[in-house]
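For reference, the structure discussed in these notes is given below.
Just so it is clear, the values below take in all heavy atoms, side chains as well, and ignore hydrogens, waters and symmetry mates. We number each residue from 1, following the sequence as shown.
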Amino acid sequence: MIDTPQANRMHIAIFGKRNVGKSSLINALTGQQIALVSDMAGTTTDPVYKAMELLPVGPVVIIDTAGLDDHGEIGELRVKKTREVMEKSDLALLVFTADDESLSLEKEWYRELHARKIPVIGVINKIDEADAELEVFKTQFDIPFIKVSAKQRTNIGKLKEAIQNHAPADFERPTLLGDIVKSKDIVVLVAPQDIQAPKGRLILPQVQIIREILDQHALALTVTDGELEDILTALKHDPDLVITDSQVFDKVNKILPDQVPLTSFSILMARYKGDLDVFVQGAKAIDRLQSGDKVLIAEACTHHALKGDIGREKLPAWLAQKTGGTLDVTINTGVDFPDDLTPYKLIVHCGACMFNRKQLMNRIARSEEQQIPITNYGVAIAHIHGMLDRVIRVFKRS
């Protein structure tokens, strides 16, 4: 469980006003002094993340946030950071105390959480100081409530049970490729170790996919693009599936017989983290791009770009070549994502291996709301090279 990537853990966010005991609650849930606790309001500034195993839910990330009622110039920035946490929240704990005089702010945040389809559990904290009448809260919020004392660890077990009962079962897809790979299948992975590859390591999607192949009791054979022809010659029969880095799609496509199923790491991640159908539809917008159009390239991680970077160099060049003109390309990394997407004619997102599914699905929803086509690195590259039908064919047979 401790090796589960953060992006694959259920994200449980704790929201509430300053000094309602959010930090004490995260300490009580984790059984550790993770968050700094003080009677002074506004102790928590930036969101605090703690990865843990919460039985029987499994691996989770619990997020402590700044108070919803923070004020002033810096306070407004803290609230903005707290609001950004909603983008990745699978489940929310909305914390109150018995002496709350006004619930208008909590109602505002609850409406936004509800609009985002995030399940909410109400937590009435500090019952060691003042007990609360549940009915007062239940008449104003249509959510389950648990009364706790984070300080005394009272009813923390009941809160964990509530988390188990209300945790979304579909916070991520059950498998990356378990529905297209069966026991004893031969799966060839083409992983070019270019300058972008981390020294001595594989990138996260490659590691996750190898693990899933092993879990399916299939056979994983990993080569670079230079050895693909050698492994095909060495095998007694065609592999059951080839998964390649999208950057060498064109080369692999020319080598691989058409009857051999082919897809990419990025496309598998697109299906796992997001909505492959939306990305395929979005890729068609590439054909409508004209010189001068604005294109947003969104990356989930912040990495040091090297020569030949796929997002900063290769994709813009391929898109420009396909368009036959010069495009106005904007690169956004990490949590940066514009509120107003309307200036863009297309959004091209990375595989989002560093995001949880909620984050990517929120971006897809925002793109659809503003009617801006969105696609994925692998899907876009396949479309540019005229091989999109081939690389999604494997999913149609599952």
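Between Phe337 and Asn362 the shortest side-chain heavy-atom distance does not fall below 4.5 Å.
The closest side-chain donor-acceptor pair between Asp238 and Gln259 falls under 3.5 angstrom.
Using a cut-off of 4.0 Å between Lys/Arg side-chain N and Asp/Glu carboxylate O, Arg271 and Asp179 are scored as salt-bridged. Note on Asp293 versus Arg288: no salt bridge recorded, every NZ/NE/NH1/NH2 to OD/OE distance being 4.0 Å or above. For the pair Arg393 and Asp389, the salt-bridge criterion is not met [side-chain N within less than 4.0 Å of a carboxylate O]. A salt bridge does not link Lys151 to Glu129: none of the charged side-chain nitrogens sits closer than 4.0 Å to a carboxylate oxygen. Here Lys80 pairs with Glu84 in a salt bridge; the nearest charged N to carboxylate O distance falls below 4.0 Å. Asp339 has a carboxylate O that lies under 4.0 Å from a charged side-chain N of Arg366, or vice versa, which qualifies the two as a salt bridge. A salt bridge links Glu106 with Lys17: at least one charged nitrogen is closer than 4.0 Å to a carboxylate oxygen.
Aromatic ring pairs are classed by plane angle as parallel below 30°, tilted from 30° to 60° and perpendicular above 60°; the pair Phe141 and Tyr110 is perpendicular. Ring-plane geometry between His385 and Trp318 is classed as perpendicular, the angle between the planes exceeding 60 degrees on a 0 to 90 degree scale with a lower cut at 30.
Residue Glu133 qualifies as open at atom CD: its count of foreign heavy atoms under 6.0 Å is 12 or below. For Asp340, the CG atom counts as densely surrounded, since its 6.0 Å shell holds more than 12 non-hydrogen atoms of other residues, nucleotides or ligands. Applying the 6.0 Å contact sphere to NE2 of His166 captures more than 12 heavy atoms from other residues, nucleotides or ligands.
The ring-ring contact (aromatic ring centres under 6.0 Å, His included) check on Phe265 picks up nothing, with sequence neighbours excluded.
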From CA spacing to verdict: side chain to side chain donor-acceptor pair (under 3.5 Å), Ser264, Ser266: CA-CA 5 Å; Ser264 78; Ser266 181; 4.9 Å; no
